[in-house]
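Since this is a predicted model, take the numbers as computed values, not measurements.
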Amino acid sequence: METITKSALSKSEPKKKMKEKKSTKMIGAKAVVESLIAEGVDLVYGYPGGAIMPVYDEFYKSQKEIHHVLTRHEQGAVHAAQGYARTSGRVGVAIATSGPGATNIITGIADAQIDSTPLVCITGQVGSNLLGSDAFQETDIVSISTPVTKWNYQITKAADIPTVMAKAFYIAKSGRPGPVLIDITKDAQFEEFDFVYKKCNEIRSYHPVPEVDNKKVKAAAELINTAKKPFVVFGQGVILGQAEAEFKEFIEKADIPSASTLLGLSALPTQHKLNFGMVGMHGNYAPNVLTNDCDVLISIGMRFDDRVTGNLKTYAKQAKIIHFDIDPAEIDKNVKTDVAVIGDVKETLAEILPLINKNQHPEWYQNFKDLYKIEFDEIIDKQINPTKEGITNGEVMKAINNETNGEAIIVSDVGQNQMFTNRYADFKHSKSVVTSGGLGTMGFCLPASIGAKMGAPKREVVAVIGDGGFQMTIQELGTIMQTKVPVKIVVVNNEFLGMVRQWQEMFFDRRYAETIMTNPNFVKIVEGYGIKSKRVTKREDLKEAITEMIASKESYFLEVVVEKEGNVFPMIPTGATVSDILLK
């Protein structure tokens, strides 16, 4: 991801003749709130403290314009802002105080950075006269956050607030999105100045959307038109670029079997005939195996993460590689490409569409169907239609699908629950998957589901969490209680840290080192937060419980006790090639 330097932002920008806006005298704290309002922000997540208290005082005065959601931990605020951004398509905003408040948001910021989520995070800071003195609750959050932000900036003068805030929103949402952090000293929040706000639309030396090279587009089209066994792997870039319609038209015209990364799920409906599921460590059998059999591999809006590629030395070596991406830094970073089509994917796909031939690849398509049949018989059918004792994760997701008809937003945590959920969920609409991809943050799901529901209030939001991840941010039940946001929560409880346990079973001779969980009575805890709760231990009770949960107009908690030692398959072992994927 392109990192924006302070020097690039401090250079004077081309002067334009514009009608001067009238200034209004105000303190810096009010300027922060007025800047948010000017950017169209009406919802923020945060946790107050001494160094950000002046801004919170202004929030109190501006409750009609901006709704503030008090989370129970600063990490929860950032994850909630992520969920909001992912489902609404807008910039999420999170606020914290200095010191531990600021450091507590770092995990969420790092998560947003690697998953390209647009955030503006605002932290309070000690007075500028105390900087560097190890004052109470002082941390150098700018230095700490530099590796995990798209840009950050410390404001020590109130007059800088409107300009820096405008640039923050522009940087966060433009090009490849990402998180921005603004640190504001307490004296700058109290300082009075003449406030004028002007939205930012350009920054010299920052070019978020590269110009499309038409020669590269033509070269890509030629490779696609002559391919006998083309294959598309698409990622979240299709969703971020709002290019779902162009993408669908592209694969249908050229008749190209396709598969998604984890975060690319829902860019194409699950049941589309050319959608063969997910690639990667726990992805589907056909797309993984046939990656090493295709003659042209077309990557669209994805970054060749190691969980997708497996061993890079053996990844698609037989294929010509075409890479569509908005970020030049991703080209040739992990996989050497033959043709790189750099630019906004909505634009590049629109440009290539007239150049590709209407085509059919019946034999190649049948290969995918045949391998899917193998996976269905060996794995899928046993998960969604089990005959053995113990509820499976797959049948939990099947029951949710049946009740939501593929219309729901599914938020998942990290671990086995994440892989089971996203393998078996049915998606009809884009922006239906909210999960922690690149960072793999346990505890992400519960707060992210709050933001996801607030970002898409008319859609059903179902959070599926493991018993381990649930307890990492369980305090955010308090946020649900206070806001009354109607999130449906499913905890699949196997009394293990399931993914680690699976690896211990397969590669460490079943030495279950610190993965056995002694859990509390979740239902009693959740009921203490005023949320209706139920526990299911028998298969025959599952359907009715999920029907009741989805029908509820309020938040609802369902604990499902699943098989203790169920494993997620297929699986590509670490260091193996994608075609060495294991079915059991």
Side-chain angles (χ1 to χ4, degrees), residues 6 9-10 18-71 74 77 81 91-102 105 119-133 135-142 145 151-172 180-200:
K6 290 182 185 176
L9 297 178
S10 61
M18 295 186 66
K19 185 178 179 181
E20 288 190 13
K21 294 186 177 181
K22 291 183 180 179
S23 64
T24 306
K25 212 147 195 77
M26 65 179 66
I27 63 170
K30 183 173 177 59
V32 172
V33 175
E34 290 298 323
S35 297
L36 292 172
I37 293 170
E39 289 291 342
V41 174
D42 56 10
L43 180 64
V44 299
Y45 302 88
Y47 204 96
I52 197 68
M53 204 176 296
V55 171
Y56 270 82
D57 189 52
E58 295 300 329
F59 277 136
Y60 183 84
K61 300 171 187 176
S62 304
Q63 293 178 55
K64 289 183 179 179
E65 290 86 6
I66 295 183
H67 175 55
H68 178 280
V69 175
L70 175 65
T71 57
E74 293 87 354
V91 177
V93 179
I95 301 181
T97 191
S98 63
I105 69 174
L119 298 182
V120 170
C121 299
I122 300 167
T123 53
Q125 185 55 274
V126 301
S128 56
N129 63 312
L130 295 174
L131 290 173
S133 70
F136 176 67
Q137 290 195 334
E138 179 198 2
T139 55
D140 183 1
I141 197 63
V142 170
S145 66
W151 180 58
N152 63 19
Y153 199 92
Q154 185 176 78
I155 296 175
T156 58
K157 298 291 182 185
D160 293 336
I161 289 172
T163 301
V164 173
M165 290 287 287
K167 288 176 177 175
F169 275 88
Y170 174 62
I171 291 167
V180 171
L181 181 136
I182 305 302
D183 191 45
I184 310 173
T185 60
K186 197 165 185 178
D187 53 321
Q189 296 174 50
F190 280 121
E191 187 181 9
E192 195 174 55
F193 75 111
D194 291 320
F195 174 82
V196 178
Y197 196 83
K198 178 187 173 184
K199 284 193 176 185
C200 180

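Remark: Ser35 OG to Lys30 NZ distance equals 11.0 Å, nearest 0.5 Å. Here Glu58 contributes atom CD and Met26 contributes atom CE; the two are 8.5 Å apart, rounded to the nearest 0.5 Å. Expressed to the nearest 0.5 Å, how far CE of Met53 lies from CD of Gln189 amounts to 10.0 Å. Rounding to the nearest 0.5 Å places CD1 of Ile184 at 12.5 Å from OG of Ser98. In this structure, the separation between CE on Met165 and CG on Asp160 is 12.5 Å, given to the nearest 0.5 Å. To the nearest 0.5 Å, atoms CD (Glu34) and CZ (Phe195) are separated by 6.0 Å.
Residues meeting the ring-ring contact (aromatic ring centres under 6.0 Å, His included) test with Phe59, sequence neighbours left out: Tyr56, His68. Every residue two or more places apart in sequence or in another chain was checked for a ring-ring contact (aromatic ring centres under 6.0 Å, His included) with Phe169, and none qualifies. With sequence neighbours left out, the side-chain hydrogen bond (donor to acceptor under 3.5 Å, both in side chains) criterion links Lys157 to no other residue. Contacts of Thr97 classified as side-chain hydrogen bond (donor to acceptor under 3.5 Å, both in side chains), with partners at least two apart in sequence or in another chain: none.
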Using a 3.5 Å cut-off and no angle test, enumerate the donor-acceptor pairs between side-chain atoms of residues 125-133 and protein atoms at least two apart in sequence or in another chain.
from, atom 1, to, atom 2, distance (Å)
Gln125, NE2, Thr139, O, 2.9
Gln125, NE2, Asp183, OD2, 3.0
Ser128, OG, Asp187, OD2, 2.5
Ser133, OG, Leu130, O, 2.5

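Between Leu119 and Val180 there is no side-chain heavy-atom pair separated by less than 4.5 Å. Residues Leu43 and Val69 form a side-chain contact, since some pair of their non-hydrogen atoms from C-beta on lies under 4.5 Å apart. Looking only at side-chain heavy atoms (C-beta outward), Ile182 and Thr123 stay at 4.5 Å or farther from each other. Here the side chains of Pro48 and Ile95 are not in contact, with every heavy-atom distance at 4.5 Å or above.
Judged as a side chain to side chain donor-acceptor pair (under 3.5 Å), the pairs with a partner in residues 36-50 (not counting sequence neighbours) are, in order, Glu39-Tyr197.
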For this session: Determine, step by step, whether Asp194 and Thr24 satisfy the side-chain contact (heavy atoms from CB on, under 4.5 Å) criterion, reporting the C-alpha distance in whole Å, the side-chain angles of both residues, the deciding distance to 0.1 Å, and the verdict.
Result: CA-CA 5 Å; Asp194 291 320; Thr24 306; over 6 Å; no
